[in-house]
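For reference, the structure is listed below as structure tokens.
We count ligands from 1, going down the list as the structure has it; atoms in each ligand are counted the same way.
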Amino acid sequence: MKIIIDTDPGQDDAVAILLALASPELNVLGITAVAGNVPLDLTARNARIVCELAGRKDVPVFAGCERPLTRDLVTAEHVHGKTGLDGVELRDPKMPLADGHAVDFIVDTLCREPPGSVTLCPLGPLTNIATALRRAPDITSRIARIVLMGGAYFEVGNITPAAEFNIYVDPEAAKAVFAAGIPLTVVPLDCTHKALTTRARNDAIRGLGNRVGDVVAAWTGFFERFDKEKYGSEGAPLHDPLVIAWLLRPDLFTGREINVEIEADSDLTRGMTVADWWGVTDREPNALFLGDVDADGFFAMLTERLARL
Ligand code: BDR
Ligand code: CA
């Protein structure tokens with residue numbers, strides 16, 4: 001399966017990229033960086049660090065949009081640290097950025113590849129994706145599916161009481177993506193909050209004894225401090241890798257085909273994903289909204305895949 005990963009690394013984005021690069025079922029055509037957890041220069045740097053860590057300098061990394069469609073950028077250094085990949089000392093990458101803008105890469109790739117053969121995997125704010133749809137509306141029908149991490153219903157918000165971070169940062173972009181009529185799988189907090197980095201799971205990853213295992217365990221050890229304190233849980237949700245996991249093992253997940261609308265206007269609830277989980281409206285379903293994951297199955301797969309790198 002051909003995929004493009006659109007991302008704002010972020011430790012959990014980094015683990016998602018590693019999982020994808022470790023999986024022979026997936027052909028990562030390119031990685032497009034967007035501003036989100038940290039500013040664009042850092043997310044574009046971090047994506048290349050991750051490729052080098054996986055020994056995959058051949059995967060092109062493109063820099064994309066440096067700010068949301070209409071708003072100022074909101075970042076999350078309070079979770080991910082100043083670099084976005086705090087937790088372990090990492091050298092600047094040697095591989096250069098690929099030439100050209102991430103949005104052009106997305107558009108050109110979708111126009112070049114057979115229709116319905118490329119899946120987009122956004123792990124951050126949806127600015128690059130919405131910009132591509134705006135610039136070249138013809139790509140809409142060529143996208144196989146968008147599988148994204150974002151939103152929440154029962155878990156509600158993590159950056160405000162009502163909103164999840166990725167959707168909150170660029171709600172106008174999210175609105176455009178959810179309204180585009182493209183097959184959509186949404187991995188919300190409802191699902192990711194069930195996949196916690198417990199001590200035993202971290203130990204198993206550290207115990208791989210390879211460089212990737214050490215780095216991933218250092219990353220999870222760093223960012224989980226914030227959520228453990230906030231939620232009083234024994235670990236932190238490992239959000240973004242669940243997008244890749246769904247591509248590999250959809251049988252690990254359950255969810256519902258429902259209507260999901262994005263609130264972009266209200267100051268109080270901006271970025272809220274209004275998910276009709278109970279089917280109380282007659283609005284047409286536009287997304288497979290995941291609600292649960294077999295967390296042990298997911299971490300077993302992740303650990304087994306990271307061992308290959
Ligand atoms: C999302 O926000 C970011 O901090 C994470 O990388 C993830 O994509 C979770 O709300
Ligand atoms: Ca992310």
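With no hydrogens or angles considered, no side-chain donor-acceptor pair links Asp12 and His239 at under 3.5 Å. Using a 3.5 Å distance cut-off with no hydrogens or angles, the side chains of Asp13 and Gln11 do not pair a donor with an acceptor. For the 3.5 Å distance criterion, the side chains of Asp170 and Thr127 qualify, holding a donor opposite an acceptor.
Taking every heavy atom of Asn166 and a limit of under 4.0 angstrom, the matching atoms of ligand 1 come to 1 (C), 2 (O), 7 (C), 8 (O). Of all the atoms in ligand 1, the ones that sit under 4.0 Å from a non-hydrogen atom of Asp12 are 5 (C), 6 (O), 7 (C), 8 (O). With ligand atoms numbered from 1 in the order given, ligand 1 contributes 9 (C) to contacts under 4.0 Å with heavy atoms of His239.
At a cut-off of 3.0 Å, Pro9 is not counted among the residues with an N, O or S atom near the Ca ion (ligand 2).
Counting heavy atoms under 4.0 Å from ligand 1, residue Val79 does not touch it at all. With a heavy-atom cut-off of 4.0 Å, Leu123 touches ligand 1 through its backbone alone.
Val34 belongs to no hydrophobic cluster, as no Ile, Leu, Val, Met, Phe, Trp or Tyr side chain comes under 4.5 Å of its own.
Taking the Ca ion (ligand 2) as reference, the nearest N/O/S atom within Asp8 carries the name OD1. Taking the Ca ion (ligand 2) as reference, Asp240 places its N/O/S atom OD2 nearest.
The protein atom (non-hydrogen) at minimum distance from atom 3 (C) of ligand 1 is Asn37 OD1, 3.1 Å. Among protein heavy atoms, the minimum distance from atom 8 (O) of ligand 1 is reached at Asp240 OD1, 2.7 Å.
Considering only heavy atoms from C-beta on, His101 comes within 4.5 Å of Cys65 through its side chain.
Follow the hydrophobic side-chain contacts under 4.5 Å out from Val243 and you never reach Leu126; the two are in separate clusters. A continuous path of Ile, Leu, Val, Met, Phe, Trp and Tyr side chains, each step under 4.5 Å between heavy atoms, connects Ile17 with Val28, placing both in one hydrophobic cluster.
On a distance-only criterion, Met149 and ligand 1 share no N/O pair closer than 3.5 Å.
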**Request:** I would like to know whether Arg270 and Thr160 meet side chain to side chain donor-acceptor pair (under 3.5 Å); could you show each step before the answer?
**Result:** CA-CA 9 Å; Arg270 177 183 312 142; Thr160 75; over 6 Å; no
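Scanning Glu164, Gln11, His193 for the heavy atom closest to atom 9 (C) of ligand 1 points to Glu164.
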